[in-house]
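To start, the structure itself, in structure tokens.
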Amino acid sequence: MSVDIQERENQEHRERPISEGVTRAGERDRADGRGPEGEPYDVVGIGFGPSSLSLAIALEEHPEPLRAAFFERQPALGWHQGMLVPSAKMQVSFLKDLATFRNPTSSFSFVAYLHERGRLARFVNNQDFYPTRREFHDYLDWAETRLRHRVSYGAEVTAVELAGAAGRGPADRVRIEVSDPAAPGGTRSVEARNVVVSTGLVPRMPAGIEAGGHVWHSSAFLHRFRGWSGGPLKRVAVVGAGQSAAEIVRFLYDTLPDARISAILPSYGYSIADSTPFANQVFDPGAVDDFYRGSQRAKDAIWERHRNTNYSVVDDEVIRGLYQRAYDDEVSGERRLDFVNLSRVAGVARTGDTTRVTVRSLADEDEYDLDVDVLVCASGYDPMDPARVLGGLDKYCPRDEQGRYRVGRDYRVATTDDLSCGIYLQGGTEHTHGLSSSLLSNIAVRGGEIADSIIAGRTARGKGAAA
Ligand code: FDA
Ligand code: NAP
């Protein structure tokens with residue numbers, strides 16, 4: 001089940017206000033929603049997370065200038081801030097940054113960032129491929145400052161429709177509707193020849209459980225934790241066996257010395273994320289080609305074999321740290337960490353001052369109640385759902401047998417002949433482009449491929465007009 005409510009809560013808790021003096025992309029747009037020079041934008045990006053940042057850099061570095069604008073619903077750049085717990089590390093090498101794999105000489109690289117911050121030597125001395133998520137966020141902020149003029153923050157895209165009158169040949173523009181409290185009337189719209197949807201993963205709650213004051217999804221964890229005013233937290237349960245769950249259990253254990261933490265897991269504790277060199281090849285840019293060209297059987301096999309690089313798995317270091325804490329508790333006789341193995345959460349109810357969690361054992365199907373102050377559901381995410389913004393174009397976007405968008409190798413959604421404008425996806429392409437679709441591994445290369453495709457489309461249009 002997706003959690004719209006949780007997403008709204010996340011937005012309300014964003015840490016940084018809209019920066020003063022930020023140029024709002026398209027601010028000087030004409031009343032008809034076209035770009036500053038009266039032409040539609042060449043490209044409009046929906047969402048401004050790392051994927052769009054990468055694309056914006058690829059456009060910036062492209063020899064052919066393009067008119068581009070991005071809309072982001074958060075008040076400022078924010079990369080999974082609800083999970084920005086201290087000491088959480090990246091799950092990808094610092095070299096898989098916003099630009100390096102596409103352009104190793106880019107001035108937007110992580111190395112350029114370190115150099116500018118005066119930390120390059122110390123970073124290298126640290127001999128670690130994986131920066132903290134906090135440092136990587138600082139890198140994203142640093143990169144964003146040079147692209148800010150292209151972004152409108154606090155601006156949520158609500159719909160994408162065809163622009164222009166129908167029946168006069170294929171539509172070459174879309175109109176992007178934006179809910180923007182800073183605009184007159186609270187809404188605005190712009191036109192574009194290409195739209196790129198990069199709206200990110202969607203938090204998922206366990207079936208039948210809703211997020212609320214005492215039941216949190218991991219995506220909002222830190223906002224909820226910091227905003228908690230319900231008295232001392234003595235008993236917290238954390239659902240899930242993935243990286244989010246393990247990081248939250250570690251954080252709670254270390255931050256709340258008087259609390260007992262129950263980890264409810266469908267397995268025997270946490271399993272290790274395979275980040276060994278051979279397995280890591282599944283994230284190489286070339287692996288996208290293998291996956292894209294592969295038969296359905298090959299695609300299924302790749303997923304099956306390499307799921308454990310990313311889903312429901314945890315970094316070695318975090319697993320060992322948690323085990324050590326539990327062992328130290330045994331020695332001291334003060335057990336604060338409670339691993340409820342082979343179990344799933346089946347329901348939750350609020351009774352008086354208590355949150356009563358129904359735990360179902362996978363071993364014997366028995367159910368029992370666990371009373372806690374707060375339940376944290378680190379139950380994962382659904383892939384990006386482009387239809388949330390593209391729904392209005394549904395009839396022009398034929399789906400495959402399983403109802404998924406058909407997507408070209410250049411991440412362009414296949415459309416009927418009614419459209420000549422481009423619709424591109426960064427995310428939601430797990431079925432066509434494979435495991436790295438929702439990750440950072442390939443964003444630099446993907447941004448470049450999308451920029452190339454958009455430029456090629458413009459060149460072809462130009463030639464068509466000249467002929
Ligand atoms: P992302 O979700 O970051 O950004 C999407 C943006 O779109 C958001 O800012 C959102 O507000 C905005 N948006 C959504 N709908 C909108 C609308 N209608 N209008 C306007 N704006 C809208 N991967 C990896 O490779 N290495 C890693 O270390 C990690 N670490 C990690 C930590 C945590 C806690 C999570 C949950 C996930 C990761 N990931 C990861 C995977 C993660 O998907 C990846 O890091 C990026 O966030 C993907 O970037 P995107 O820009 O595609 O999505
Ligand atoms: P995840 O890997 O999908 O894990 C979700 C977990 O919740 C699974 O173990 C799932 O088990 C379990 N679960 C779901 N419903 C349950 C229920 N009712 N009862 C018990 N368990 C239940 O999600 P994630 O940990 O949030 O990770 C998502 C992505 O974010 C990954 O790419 C991860 O690498 C990334 N991430 C990165 C960092 C970092 O960079 N430091 C931190 C956190 C997350 P089943 O599979 O059996 O349902």
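Nothing here was measured: the structure is a model prediction, and the numbers come from that model.
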List the steps, then state whether ring-ring contact (aromatic ring centres under 6.0 Å, His included) holds for Tyr270 with Tyr323.
CA-CA 10 Å; Tyr270 306 98; Tyr323 196 87; over 10 Å; no
Are more than 12 heavy atoms from other residues, nucleotides or ligands located less than 6.0 Å from atom CD of Gln296? yes
Looking only at heavy atoms, the pair that brings Pro266 and Leu362 closest together is O-CD1, 3.5 Å
Worked verdict on Phe339 versus Tyr268 for ring-ring contact (aromatic ring centres under 6.0 Å, His included)
CA-CA 8 Å; Phe339 293 103; Tyr268 283 107; over 10 Å; no
With Tyr113 as partner, the option from Phe108, Phe136, Trp142 fulfilling ring-ring contact (aromatic ring centres under 6.0 Å, His included) is Trp142
Side-chain heavy atoms of Ile272 within contact of Val314, under 4.5 Å:
no
key: Lys/Arg-Asp/Glu bridge criterion (N-O < 4.0 Å) met for Arg173, Glu191   = yes
Original post:
Do NZ/NE/NH1/NH2 and the carboxylate oxygens of Arg406 and Asp400 come within less than 4.0 Å?
Top reply: no
Aromatic centroids of His433 and Phe291 separated by under 6.0 Å:
no
task = Decide yes or no on salt bridge (Lys or Arg N to Asp or Glu O under 4.0 Å) for Arg320 and Asp316, but give the supporting numbers first.
result = CA-CA 6 Å; Arg320 290 187 191 284; Asp316 187 16; 2.8 Å; yes
| Tyr253 six-ring face occupied by Arg336 cation (under 6.0 Å, within 45°) | yes
**Request:** State, with a plain yes or no, whether a side-chain heavy atom of Arg388 is found less than 4.5 Å away from one of Asp385.
**Result:** yes
So, does Ser343 use its side chain to make a donor-acceptor pair with the main chain of Ile264 at under 3.5 Å?
no
Rounding to 0.5 Å, atoms CG (Leu419) and CG (Leu393) come to a distance of 6.5 Å
Worksheet entry | Distance flag, aromatic centroids of Tyr153 and Phe71, threshold under 6.0 Å | no
Donor-acceptor pair, Ser109 side chain versus Ser107 backbone, under 3.5 Å?
no
* Asked: Run the ring-ring contact (aromatic ring centres under 6.0 Å, His included) check on Phe48 and Phe70 step by step: do they pass?
  -> CA-CA 7 Å; Phe48 202 65; Phe70 294 83; 5.2 Å; yes
Side-chain touch His80/Ser219, heavy atoms, less than 4.5 angstrom | no
- Query: What do the steps show when you test His217 against Ser379 for side chain to side chain contact (heavy atoms under 4.5 Å, CB included), and what is the final call?
  - Reply: CA-CA 8 Å; His217 187 266; Ser379 40; 3.9 Å; yes
NZ/NE/NH1/NH2 to OD/OE distance under 4.0 Å, Glu60 and Arg150 | yes
For Cys377 and Met205 the tightest heavy-atom approach is SG-CE, 3.9 Å
**Asked** Heavy-atom distance under 4.5 Å between the side chains of His137 and Leu84, does that happen here?
**Response** yes
Q. Is the CZ atom of Arg305 crowded by more than 12 outside heavy atoms at less than 6.0 Å?
A. no
Exactly one of Phe94, Phe110, Phe123 clears ring-ring contact (aromatic ring centres under 6.0 Å, His included) with Tyr139, and that residue is Phe110
In terms of heavy-atom contacts, Ala444 and Thr100 come closest through CB-N, 4.4 Å
Check: Are His306 and Asp274 linked by a side-chain donor-acceptor pair shorter than 3.5 Å?
Finding: no
Between Tyr381 and Pro203, is there a donor-acceptor pair closer than 3.5 Å when you use the side chain of the first and the backbone of the second? no
Crowding at NE2, His115 (>12 non-hydrogen neighbours, <6.0 Å) = no
Query raised in the report: Is the closest side-chain heavy-atom distance between Leu98 and Leu140 below 4.5 Å?
Result: yes
Minimal heavy-atom distance between Leu265 and Gly240, with the atoms involved, is CD2-O, 3.6 Å
Nearest heavy-atom approach of Val249 to Ala263 is CG2-CB, 4.1 Å
Separation between CE (Met384) and OG1 (Thr199), nearest 0.5 Å, reads 4.5 Å
Distance col, row Arg73:CZ vs Ser179:OG, nearest 0.5 angstrom, shows 11.5 Å
Donor-acceptor check, side chain of Lys299 to backbone of Glu430, threshold 3.5 angstrom: yes or no?
no
**Prompt:** Looking only at atom types and distance, does a side-chain atom of Asp42 sit under 3.5 Å from a main-chain N or O of Arg67, one as donor and one as acceptor?
**Reply:** yes
Check your understanding: Taking it one step at a time, do Tyr41 and Asn194 satisfy side chain to side chain contact (heavy atoms under 4.5 Å, CB included)?
Key -> CA-CA 8 Å; Tyr41 285 104; Asn194 298 281; over 6 Å; no
_For Asp338, is there any backbone N or O sitting under 3.5 Å from a side-chain donor or acceptor partner on Ser262?_
no
So CG of Leu425 and CG of Asp410: to nearest 0.5 Å the spacing works out to 10.5 Å
- Between Arg446 (side chain) and Ser437 (backbone), is there a donor-acceptor pair under 3.5 Å? yes
Do side-chain atoms of Asp180 reach the backbone of Arg188 as a donor and acceptor pair under 3.5 angstrom?
no
Q: Could you check Val374 against Val215 for side chain to side chain contact (heavy atoms under 4.5 Å, CB included), going step by step and ending with a plain yes or no?
A: CA-CA 6 Å; Val374 161; Val215 181; over 6 Å; no
Exercise. Can Ser106 and Glu61 be counted as having a side-chain donor-acceptor contact under 3.5 angstrom?
Worked result: yes
message = Please determine whether a side-chain nitrogen of the Lys or Arg among Arg458 and Glu64 lies less than 4.0 Å from a carboxylate oxygen of the Asp or Glu.
response = yes
| Min side-chain heavy-atom separation Asp382-Leu201 under 4.5 Å | no
Residues Leu435, Arg307; criterion side chain to side chain contact (heavy atoms under 4.5 Å, CB included); working and verdict: CA-CA 8 Å; Leu435 265 153; Arg307 247 190 97 76; 5.7 Å; no
Trace of the side-chain hydrogen bond (donor to acceptor under 3.5 Å, both in side chains) decision for Ser189 with Arg175 = CA-CA 6 Å; Ser189 64; Arg175 177 172 283 270; 2.6 Å; yes
Check: Can you tell me if Arg412 and Ser453 form a side-chain donor-acceptor pair at under 3.5 Å?
Finding: no
To the nearest 0.5 Å, atom CD of Gln426 lies from atom OG of Ser438 at 12.5 Å
Between Ala241 and Gly269, the two heavy atoms sitting closest are CB-O, 4.4 Å
- Item | Exam field: side chain Asp97 to backbone Ala99, donor-acceptor pair closer than 3.5 Å | yes
ask   = Would you call Ile176 and Glu161 a side-chain contact if the rule is heavy atoms closer than 4.5 Å?
value = no
- Query: Ignoring hydrogens and geometry, is there a side-chain-to-backbone donor-acceptor pair from Ser52 to Gly47 under 3.5 Å?
  - Reply: yes
So OG of Ser420 and CZ of Arg193: to nearest 0.5 Å the spacing works out to 8.0 Å
